[in-house]
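Okay, so here's the structure we're looking at.
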There are 2 protein chains.
Amino acid sequence: MGITASQIRQDLNCFGGFGQQGYGYNVEYLYNEIGNILGVNEAFKVIIIGAGNMGQALANYSNFEKRGFRLTGIFDINSSLVGKKIRDIEIMHLDSLERFVSENEVDIAILCVPYEHTPAVADKVARLGVKGLWNFSPMDLKLPYDVIIENVHLSDSLMVLGYRLNEMRKTEK
Amino acid sequence: MGITASQIRQDLNCFGGFGQQGYGYNVEYLYNEIGNILGVNEAFKVIIIGAGNMGQALANYSNFEKRGFRLTGIFDINSSLVGKKIRDIEIMHLDSLERFVSENEVDIAILCVPYEHTPAVADKVARLGVKGLWNFSPMDLKLPYDVIIENVHLSDSLMVLGYRLNEMRKTEK
DNA sequence: TAGATTGTTAATCGATTAACAATC
DNA sequence: TAGATTGTTAATCGATTAACAATC
């Protein structure tokens, strides 16, 4: 993985000692403990807001379930999408979000709404008490509430790729 | 942005001096120069491989065009998708990839194929001479060729969110 | 005991920040 | 000249790496 043994020991010791000097690590135990640290052994209830291509792609991506993220609801304002089912989860109208959140525990909201609607939707979700936001809009979302926000900036990654391609070309000339 | 003035000056000086001491920066000129450094003023020809939800989502995301990434082809093995058009780009069968790449310049291939097919598809694309790969499969793709690979690991970001939510809960208890 | 492996301290490296010189 | 702003060197900070002690 391109990581030194030293670094792994150093990193693990930020959270405690998981091995036995002279003996080694119990791999299964360590794997589990790392899971506990990351919280993947917790069960998070997740909703998706915005059932466009990105929202549907994420809804269909079942790998998240393995990490303890369970999709419990999908919301959109497009009435032609409302009622449609994705992996047994019915798409609901955004208007019913408030009732849903009050009746069901929701830990994380995945925001897949268009750029211009993102701040308003994020604000609404946060005020309803959802503590985790996963934002796919190309903006650095910040909120004045006690909310954890992870911004996914795909274009950043693409620009890094472009930069590196450019550099390669320069050095090859 | 949470960045000190010092850091901006330091970073810019990695690439040269773009301002005038005592006078300031010409914002328009600097903006353009940063674009040149990042390569967003170049025109990259991009193809998408895999026209599932993620591939379609990226194909419809027109913002990349603004940064100089022009979508020129979409490929899939699912024959029910072949022939369909996304933003005027016809989905082609993966079998015609080789001919397409030889007849058209392709700088970047976006890989949106299922996990198990990723290494084989990546290998094929790289051997055809595509120099940039943007990989959306949850694996750290590495190839023995002179190819630039950017891996997008969405689940990493989600796990960070889970970790931070967990931490918040712990400290609040 | 000898070899092996983790925990922990020390050394090194790189990046960020601060200070100041150069210039308008 | 005085004030303001960038370029560049020095100081600080944090993370990575190396060294070694502890232990099986």
Side-chain angles (χ1 to χ4, degrees), chain A residues 1-41 135 138-142 148-168 170-171, chain B residues 1-41 135 138-142 148-168 170-171:
Chain A
M1 290 169 68
I3 298 170
T4 64
S6 236
Q7 189 168 346
I8 289 177
R9 294 207 297 281
Q10 197 71 272
D11 287 354
L12 288 178
N13 269 62
C14 293
F15 300 98
F18 302 99
Q20 193 73 22
Q21 287 176 323
Y23 182 75
Y25 294 101
N26 178 325
V27 174
E28 195 176 355
Y29 169 75
L30 181 59
Y31 180 85
N32 231 287
E33 282 297 310
I34 292 174
N36 285 334
I37 292 167
L38 292 175
V40 294
N41 298 336
N135 171 40
M139 62 170 57
D140 227 52
L141 191 62
K142 275 166 194 163
I148 312 265
I149 302 176
E150 268 287 311
N151 293 291
V152 177
H153 293 321
L154 293 180
S155 52
D156 287 7
S157 167
L158 185 57
M159 285 194 279
V160 170
L161 179 58
Y163 170 75
R164 292 172 63 200
L165 272 173
N166 243 4
E167 287 301 296
M168 184 178 74
K170 276 183 203 163
T171 54
Chain B
M1 289 169 70
I3 298 171
T4 63
S6 237
Q7 189 168 344
I8 289 177
R9 294 206 299 279
Q10 198 71 273
D11 287 354
L12 287 178
N13 271 61
C14 294
F15 300 98
F18 302 98
Q20 194 73 22
Q21 286 177 323
Y23 182 75
Y25 294 101
N26 177 324
V27 175
E28 194 177 353
Y29 169 74
L30 180 60
Y31 180 85
N32 230 287
E33 283 297 309
I34 292 175
N36 286 334
I37 292 167
L38 293 175
V40 295
N41 297 336
N135 171 40
M139 60 170 57
D140 227 52
L141 191 60
K142 274 167 195 163
I148 312 264
I149 302 176
E150 269 287 311
N151 293 291
V152 177
H153 294 321
L154 294 179
S155 51
D156 286 7
S157 166
L158 186 57
M159 284 195 279
V160 170
L161 180 59
Y163 170 76
R164 292 172 63 200
L165 272 173
N166 243 5
E167 287 302 295
M168 184 178 73
K170 276 183 202 161
T171 54

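Keep in mind it's a predicted model, so treat the numbers as computed, not measured. Lettering follows sequence order; numbering is per chain, from 1.
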| Do you see a donor-acceptor pair shorter than 3.5 Å between the side chains of B:N135 and B:H153? | no
To the nearest Å, how far apart are [X] [atom1] and [N] [atom2]?
{"X": "B:N13", "N": "D:dT5", "atom1": "CG", "atom2": "C1'", "value": "13 Å"}
{"X": "A:I8", "N": "D:dA18", "atom1": "CD1", "atom2": "P", "value": "14 Å"}
{"X": "B:L12", "N": "D:dT8", "atom1": "CG", "atom2": "C1'", "value": "13 Å"}

I need the minimum non-hydrogen distance between [X] and [Y], along with the two atoms involved.
{"X": "A:N166", "Y": "B:G39", "value": "ND2-CA, 3.0 Å"}
{"X": "A:L12", "Y": "A:F18", "value": "O-CE1, 3.5 Å"}
{"X": "B:K142", "Y": "B:I149", "value": "CA-CD1, 4.1 Å"}

| query | Name the stems with DNA chain C in them: runs of three or more consecutive Watson-Crick or G-U pairs, distances under 3.5 Å? | reply | C:3-24 with D:3-24
| field | NZ/NE/NH1/NH2 to OD/OE distance under 4.0 Å, A:K170 and A:E167 | value | yes
Any side-chain N or O of [X] below 4.0 angstrom from OP1/OP2 of [N]?
{"X": "B:Q7", "N": "C:dT17", "answer": "yes"}
{"X": "B:T4", "N": "C:dT17", "answer": "yes"}
{"X": "B:Y25", "N": "D:dA4", "answer": "no"}
{"X": "B:Q20", "N": "C:dC24", "answer": "yes"}

| query | Within the modelled atom types, does a donor on one side and an acceptor on the other bring the side chain of A:Q10 and the base of C:dT9 under 3.5 Å apart? | reply | yes
| task | Ignoring hydrogens and angles, answer whether the base of D:dT23 and the side-chain atoms of A:Q21 contain a donor-acceptor pair closer than 3.5 Å. | result | no
